[in-house]
Protein chains: 2
Amino acid sequence: MTRKPDDETVSAWIALARAHRLAMSGIEARLKAAGLPSLSWYDVLWELEKAGEDGLRPFELERALLFEQYNLSRLMDRMVKSGLVDRCVCPDDRRGQTLRISTEGRALRHRMWAVYGDAIAEVIGGRLSAGEAQALAAMLGKLG
Amino acid sequence: MTRKPDDETVSAWIALARAHRLAMSGIEARLKAAGLPSLSWYDVLWELEKAGEDGLRPFELERALLFEQYNLSRLMDRMVKSGLVDRCVCPDDRRGQTLRISTEGRALRHRMWAVYGDAIAEVIGGRLSAGEAQALAAMLGKLG
DNA sequence: CCAATATAGATGCAATTGCATCAATATCAA
DNA sequence: TTGATATTGATGCAATTGCATCTATATTGG
């Protein structure tokens with residue numbers, strides 16, 4: 001009976017989970033300390049900002065960010081209520097809607113980036129050279 | 001104004017978050033499909049199994065797994081109630097307690113590993129050579 | 001020793017997540 | 001066309017998480 005995942009694979013997974021938890025908690029802590037919302041809000045704002053005028057359908061956002069449908073649905077409730085995102089009627093699918101970032105949303109994303117960017121620099125950049133970071137990204141890309 | 005995190009660093013973080021989410025959801029989905037509890041249960045069982053006879057104090061488990069205190073406290077309630085973990089009096093600190101894995105706990109961990117190990121093999125092993133996995137683990141290790 | 005402080009773990013309550021399922025369209029096959 | 005199926009997004013309810021705070025015991029400085 002050969003072991004299914006070899007030791008290198010297991011170690012890679014453990015290291016991935018650990019590194020993620022560590023980086024994530026460091027970043028989230030900094031955002032919270034600055035009185036800012038959590039990363040998932042940032043991710044939504046950034047996707048919508050990139051999408052521009054046309055906005056995005058919830059299901060597109062859902063796939064882009066790998067969110068659960070019900071989760072995104074409720075996150076959008078909150079973000080719309082907070083005035084960061086506009087829910088617009090969707091011309092070509094009456095089941096659906098179009099989401100667009102608001103001016104306030106853009107402003108918040110910008111303020112968040114100031115903290116988020118610094119946090120990435122500290123948590124990741126401070127520990128890897130640019131070359132290492134590039135190699136890491138490439139390797140991780142294969143997992144997608 | 002120099003950008004704080006350079007592009008390679010940002011890419012590495014994005015890739016890390018994405019790879020983690022993807023691998024995690026694949027693994028959790030397989031566990032759930034097999035009617036098994038989630039990874040955090042596995043992590044606890046495995047730590048306690050490694051700790052052996054002496055068991056571990058909650059705060060040790062907390063640090064080993066990077067759990068929040070209140071989170072672990074409640075997880076232990078559930079696992080003790082499920083008969084997977086024994087809560088024992090702690091001889092040298094009357095505030096504390098000692099956690100030990102039960103026989104049932106060991107059995108469950110074993111059954112979980114069958115699924116979990118396969119999942120790691122598919123989600124990670126299937127996409128990286130042993131050499132790549134080793135390199136990835138090394139790089140991720142620097143983030144700890 | 002004793003008061004001040006720190007550490008271990010629990011818990012009430014609010015917010016979020018997960019699960020199952022629903023209603024409303026859209027699409028497709030006969 | 002039309003009935004069957006698929007897709008989009010919402011929602012009731014249970015489980016989990018997060019936050020703040022509490023109690024009990026340990027430790028430490030005077």
Side-chain angles (χ1 to χ4, degrees), chain A residues 21 24-44 47-48 55-82 84-100, chain B residues 20-21 24-44 47-48 54-82 84-100:
Chain A
R21 225 174 315 182
M24 195 63 149
S25 69
I27 291 170
E28 292 281 21
R30 284 170 176 82
L31 285 171
K32 187 174 321 176
L36 293 167
S38 78
L39 264 192
S40 54
W41 288 48
Y42 183 89
D43 289 339
V44 167
E47 272 320 299
L48 290 180
L56 286 178
R57 298 285 300 272
F59 73 89
E60 297 176 297
L61 209 43
E62 189 185 317
R63 284 162 201 175
L65 300 176
L66 307 175
F67 277 20
E68 299 292 331
Q69 182 270 318
Y70 51 81
N71 223 327
L72 182 67
S73 174
R74 274 155 169 157
L75 180 54
M76 288 310 96
D77 287 348
R78 284 172 245 145
M79 294 184 76
V80 167
K81 186 147 57 178
S82 305
L84 302 167
V85 170
D86 296 325
R87 234 196 262 269
C88 314
V89 289
C90 178
D92 33 283
D93 189 336
R94 282 197 297 172
R95 289 169 305 183
Q97 61 198 239
T98 300
L99 302 168
R100 287 200 196 79
Chain B
H20 180 261
R21 224 173 315 182
M24 195 62 150
S25 70
I27 291 170
E28 292 281 22
R30 284 170 175 81
L31 286 170
K32 186 174 323 177
L36 293 167
S38 78
L39 266 192
S40 54
W41 288 47
Y42 183 89
D43 290 339
V44 167
E47 273 320 300
L48 291 180
D54 293 341
L56 287 178
R57 300 285 300 273
F59 73 89
E60 296 176 297
L61 209 42
E62 191 185 317
R63 284 161 201 177
L65 300 176
L66 308 176
F67 278 19
E68 299 292 332
Q69 182 270 319
Y70 50 81
N71 223 327
L72 182 69
S73 173
R74 276 156 168 155
L75 181 53
M76 288 310 96
D77 288 347
R78 285 172 244 145
M79 295 183 76
V80 168
K81 186 147 56 178
S82 305
L84 302 167
V85 170
D86 295 326
R87 233 196 264 268
C88 314
V89 289
C90 179
D92 33 284
D93 188 337
R94 282 196 297 171
R95 291 169 304 181
Q97 60 197 241
T98 299
L99 302 168
R100 287 201 197 79

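All heavy atoms count here, side chains included; hydrogens, waters and symmetry mates do not.
The side chain of A:Lys32 contributes no N or O atom lying less than 4.0 Å from OP1 or OP2 of D:dG18. Regarding contacts with the backbone of D:dG9, every side-chain N or O of A:Ser73 stays at 4.0 angstrom or more from both OP1 and OP2. At the phosphate of C:dA8, neither OP1 nor OP2 sits under 4.0 Å from any side-chain N or O atom of B:Arg87. Dashed line: the shortest gap from a side-chain N or O of B:Asn71 to OP1 or OP2 of D:dT16 is not under 4.0 Å. For B:Arg74 and C:dC13, the shortest distance from a side-chain N or O to OP1 or OP2 is not below 4.0 Å.
The distance from atom CZ of B:Arg21 to atom P of C:dT17 is 12 Å, rounded to the nearest whole Å. A straight line from CE of A:Met79 to P of C:dT16 spans 12 Å, rounded to a whole angstrom. Regarding B:Asp77, its CG atom lies at a distance of 10 Å from the C1' atom of C:dG9, rounded to whole Å.
Between the side chain of B:Gln69 and the base of C:dA8, no donor-acceptor pair of N or O atoms lies under 3.5 Å.
Side-chain atoms of B:Arg30 come within 3.5 Å of backbone atoms of B:Gly26 as a donor-acceptor pair (strictly under, hydrogens ignored). In terms of modelled atom types and a separation under 3.5 Å, the side chain of B:Ser25 and the main chain of B:Arg21 share a donor-acceptor contact.
The stretch residues 90-97 of chain A comes close to DNA chain C through A:Asp93, A:Arg94, A:Arg95, each having a heavy atom under 4.0 Å from the strand.
Residue-to-nucleotide proximity on DNA chain C shows that, of A:Glu68 and B:Met76, the 5′-proximal contact is made by B:Met76. Comparing B:Arg78 and A:Tyr70 along DNA chain D, the residue whose closest nucleotide (by nearest heavy atom) sits nearer the 5' end is A:Tyr70.
Considering every non-hydrogen atom in both B:Arg78 and B:Trp41, the closest pair reads CB-CZ2, 4.1 Å. Contact detail for B:Leu31 and B:Ser38: the closest heavy-atom pair is CD1-C, 4.3 Å. In this structure, B:Met76 and B:Val44 approach most closely via the heavy-atom pair CE-CG1, 3.6 Å. Shortest non-hydrogen contact noted between A:Arg87 and A:Gln97 is NH1-OE1, 2.9 Å.
Within the 4.5 Å cutoff, the side chain of A:Asp93 has heavy atoms near those of the A:Arg57 side chain.
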